[in-house]
Amino acid sequence: RKEVEQDPGPFNVPEGATVAFNCTYSNSASQSFFWYRQDCRKEPKLLMSVYSSGNEDGRFTAQLNRASQYISLLIRDSKLSDSATYLCVEKKSSGDKLTFGTGTRLAVRP
Amino acid sequence: DAGVTQSPTHLIKTRGQQVTLRCSPKSGHDTVSWYQQALGQGPQFIFQYYEEEERQRGNFPDRFSGHQFPNYSSELNVNALLLGDSALYLCASSLGRGEAFFGQGTRLTVV
């Protein structure tokens, strides 16, 4: 079983739609979780960290459920510029390597 | 402030050859990690360097080796290249155990 699993998509949604991505992780000892965004042929960039209490940054909301070992990302009011691959990432401890999922591709159409 | 810079940006090599990729970390960063990203996959951790020593290593063969210099820059060396080594190689730097910032990567094609 992969350490981090994501639905690869693609998700094809109209502008203004709300879209949700899900991710599961296998190691219950994992400490930190993140969502990264990667544009085509570019490097991954940190979108947001994920906390058990849930966190929101503008149109983006991330949630962590430790009991179910499940992470989610919700994007509201999708923009064309949100089109990218969204990578779910876990880190077992501070300073440890990042473990990435395969990524979920989002295409927002006019 | 320059971010993480990698060179070269693109490279084509023949099977069996050796390649060296280079990374300059973000100013003030002392830790460098290397990742391999195959097409359609997420980045896979190769190894991490701190204080010129390999601190952690992922599940990659010994053909993959690295080095960190006193100025914190780093090299990734791959020997006896295989077709399957074709990928985007990403370098990430951080200050100690802080947030990692990625360079734009080196796209390696093995023919």
Side-chain angles (χ1 to χ4, degrees), chain A residues 1-11 21-27 29-51 55 57 62 71 73 84-107, chain B residues 2-7 9-10 21 23-26 29-51 53-60 64 66 86-109:
Chain A
R1 183 184 171 184
K2 287 186 178 178
E3 292 180 83
V4 179
E5 295 208 51
Q6 294 182 251
D7 180 346
F11 285 62
F21 302 141
N22 303 319
C23 169
T24 57
Y25 61 95
S26 60
N27 191 331
S30 296
Q31 289 191 2
S32 306
F33 304 90
F34 311 91
W35 283 101
Y36 275 71
R37 171 194 169 126
Q38 186 171 27
D39 292 293
C40 188
R41 306 183 78 82
K42 299 284 190 180
E43 75 276 20
K45 291 184 179 177
L46 179 64
L47 179 65
M48 57 199 306
S49 302
V50 189
Y51 306 113
N55 48 307
D57 183 2
I71 302 154
L73 176 67
T85 295
Y86 290 83
L87 296 156
C88 178
V89 184
E90 67 95 16
K91 189 161 79 166
K92 291 179 181 53
S93 62
S94 176
D96 195 16
K97 64 177 183 178
L98 299 175
T99 300
F100 288 82
T102 55
T104 299
R105 200 150 53 89
L106 172 65
Chain B
V4 181
T5 57
Q6 293 186 241
S7 63
T9 54
H10 297 81
L21 310 182
C23 172
S24 292
K26 186 176 167 67
H29 285 186
D30 58 6
T31 303
V32 173
S33 301
W34 287 92
Y35 293 80
Q36 179 196 66
Q37 186 174 23
L39 199 61
Q41 301 296 315
Q44 299 293 309
F45 175 75
I46 303 175
F47 40 53
Q48 183 183 82
Y49 278 85
Y50 173 71
E51 292 189 341
E53 297 285 334
E54 184 182 287
R55 181 159 68 177
Q56 261 192 303
R57 188 178 181 92
N59 189 24
F60 278 79
F64 289 76
S86 295
L88 178 68
Y89 288 84
L90 294 159
C91 170
S93 75
S94 61
L95 173 59
R97 299 173 185 274
E99 179 187 342
F101 291 80
F102 285 84
Q104 287 198 302
T106 294
R107 191 163 297 278
L108 172 66
T109 302

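Each chain gets a letter, A, B and so on, in the order its sequence line appears, and its residues count up from 1.
In this structure, a donor-acceptor pair under 3.5 Å is absent between the side chains of B:Gln36 and B:Gln41. For the residue pair A:Gln38 and A:Thr85, no side-chain donor N or O sits within less than 3.5 Å of a side-chain acceptor on the partner. With no hydrogens or angles considered, no side-chain donor-acceptor pair links A:Glu3 and A:Ser26 at under 3.5 Å.
Contacts between B:Ala100 and chain A at a heavy-atom distance below 4.5 Å involve backbone atoms as well as side-chain atoms. Proximity to chain B (any heavy atom under 4.5 Å) is shown, for A:Arg105, by neither the backbone nor the side chain. Within the 4.5 angstrom heavy-atom criterion, atoms from both the backbone and the side chain of A:Leu98 approach chain B. At a 4.5 Å heavy-atom cutoff, the contact between B:Tyr35 and chain A is made by side-chain atoms alone. For chain B, the nearby part of A:Tyr36 is the side chain; its heavy atoms alone come within less than 4.5 Å.
In terms of heavy-atom pairs under 4.5 Å with chain B, the best-connected choice from A:Gly101, A:Ser49, A:Cys88, A:Pro44 is A:Pro44.
Taking the six-membered ring wherever Trp is involved, the centroid distance between the rings of B:Phe47 and B:Phe60 does not fall below 6.0 Å.
Between A:Val4 and A:Phe100 the shortest side-chain heavy-atom distance does not fall below 4.5 Å.
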